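Okay, structure first, notes after.
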Amino acid sequence: YRLLGRWRKKHLTFRILNMPSPSTLPPHTARAALLQAFQYWSNVAPLTFREVQAGWADIRLSFHGRQSPYCSNTFDGPGRVLAHADIPELGSVHFDEDELWTEGTYRGVNLRIIAAHELGHALGLGHSRYTQALMAPVYAGYRPHFKLHRDDVAGIQALYGKKIPEIEDEEEEMELPTTPQVPREPSPMPDPCSVELDAMMLGPRGKTYAFKGSYVWTVTDSGLGPLFQVSALWEGLPGNLDAAVYSPRTQWIHFFKGDKVWRYINFKILPGFPKKLNRIEPNLDAALYWPVNQKVFLFKGSGYWQWDELARNDFSHYPKPIKQLFTGVPDQPSAAMSWQDGHVYFFKGKQYWRLNRQLRVEKGYPRDVAHNWMHCYSQTPDTAPSGGDTTPSATGTDYSPTGTTLDTTSSAIDSTLNTDHSPRDTILDMTS
Amino acid sequence: RALGPAEKEAAVDYLLQYGYLQKPLEGPYDFRPEDITEALRAFQEASELPVSGQLDGATRARMRQPRCGLEDPFNQKTLK
């Protein structure tokens, strides 16, 4: 490896100034590729990268072509020079906008790998003489299971030292069950516009998460967040989940898959998890938290269980028919959640149902998930009346995940939630 | 196959652009043949190609591959 310079700090900010043409790479896929490029380096060196949406950033990524008012190094059209970057502490990283940027295919040029290479320069590495190293000058093509070469790791650690695993994590890792971890091959990256969701969750801080395969992304009113592998956020969590539910009452997030349940607070798994389910049937379909009675509802087939996280539950009368409580919803939902607007939503296939406070499906449902939740507009809009406006709407009239139009409701929910419960670590009687 | 001047010029431009040939500080870019041969040898060695110092087919193909725009540090003399 060759060292060209280094940053005098290890916590850097970055900003993505523009994106490649969406015709070759959907924006969220391009964004995920750029974000994963940073992860290669932060995984092996004590570096952190924080994205800023405006103003100054240490590292600035942008795409330009043959002409650029900001760069004296113009590019040369498809092929040949793909990208370039400045050495520390300048921070500019430029990509040739005329390249066919791709992800997850041998076609074109893999944006993630080239971005990781240019970030190597921005962090101070020169070109490596190992032709298979990330920092080799010539693009070695798309590699499905790409990882850093030992020369890349040696170079970045020569500049910034080794990554020190947090001791605490290590201890907890020791406590995790020793059941052999099933090797998890990440599933192919899903297209949010055409998937049947595994799970939906209104998580901490009012973030809405969508889960499919090995990936999770946030859904906001301005679009979709980047796709992350679930294990990148929730360490130790497998993909292809059955259900996910966050309880504001206990701050616990529970994930269900097969006969196991994982418990996290934010992104940290709690000791002793995953645990085995044995008083609830395995392979659930969906789960939701209902703020009105502060209970978690678990769904499978045509039945449901109502679960009080902090009390001893009598499941002898469960499962009960879903339709008994949730009028008009389909059996075997693929996902369910209570949302910021105070409504309950059920998802199945490519459709979703919205329920009112009486847990009755409202008129005009089901509707199209891709069009109303995932900001996919190329699809034909819902046939049901949507109030005539063209704004994408999960709620039929006003879609504002930020909840600004919903103050009264959410505060009503807040007031119901402002209980003085302090989550106690009781025995999870479902698993006892 | 005898190479045309355009192919030779493209190869010299590539060696210049990526740090295998040293831009003279003054005067025109007319390089001595032995400088070009040495630069080609450095490029061929770094690209794990047979080191002949000749602009053969494999070397030209390698120069056409997509790559990063920064210079390479593989010619010790120019690097120095």
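What you see is a predicted model; the values in this text were computed from it and never measured. We use all heavy atoms of the structure for the numbers below, so side chains are in, but hydrogens, waters and symmetry mates are not.
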> Is there a side-chain contact between B/Arg67 and A/His127 (heavy atoms, below 4.5 Å)?
Replying inline: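 Yes, close enough: below the 4.5 Å cut-off.
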
> Under 4.5 Å between any side-chain heavy atoms of B/Pro66 and A/Glu99, yes or no?
Replying inline: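 No, too far: nothing below the 4.5 Å cut-off.
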
>> If I take atom CE from residue A/Met135 and atom CG from residue B/Leu70, how far apart are they, to the nearest 0.5 angstrom?
In response: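 Here the rounded value is 8.0 Å.
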
At their closest point, which heavy atom of [X] faces which heavy atom of [Y], and how far apart are they?
X: A/Arg129; Y: B/Glu48; result: O-OE2, 4.5 Å
X: B/Ala46; Y: A/Thr131; result: O-CG2, 3.7 Å
X: B/Phe74; Y: A/Ser128; result: CZ-O, 3.2 Å

>> Applying side-chain contact (heavy atoms from CB on, under 4.5 Å) to A/Val138 and B/Tyr18, what does each step give before you reach the verdict?
In response: CA-CA 11 Å; A/Val138 173; B/Tyr18 296 112; over 6 Å; no

>> Is B/Glu71 close to chain A through its backbone or its side chain, or both, or neither, when contacts mean heavy atoms under 4.5 Å?
In response: backbone

Look at atom [atom1] of [X] and say whether more than 12 heavy atoms of other residues, nucleotides or ligands are closer to it than 6.0 Å.
X: B/Glu9; atom1: CD; result: no
X: A/Gln67; atom1: CD; result: no
X: A/Arg143; atom1: CZ; result: yes
X: B/Phe31; atom1: CZ; result: yes

> By number, which residues in residues 37-49 of chain A have some heavy atom less than 4.5 Å away from chain B?
Replying inline: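 The residues closer than 4.5 Å to chain B amount to none at all.
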
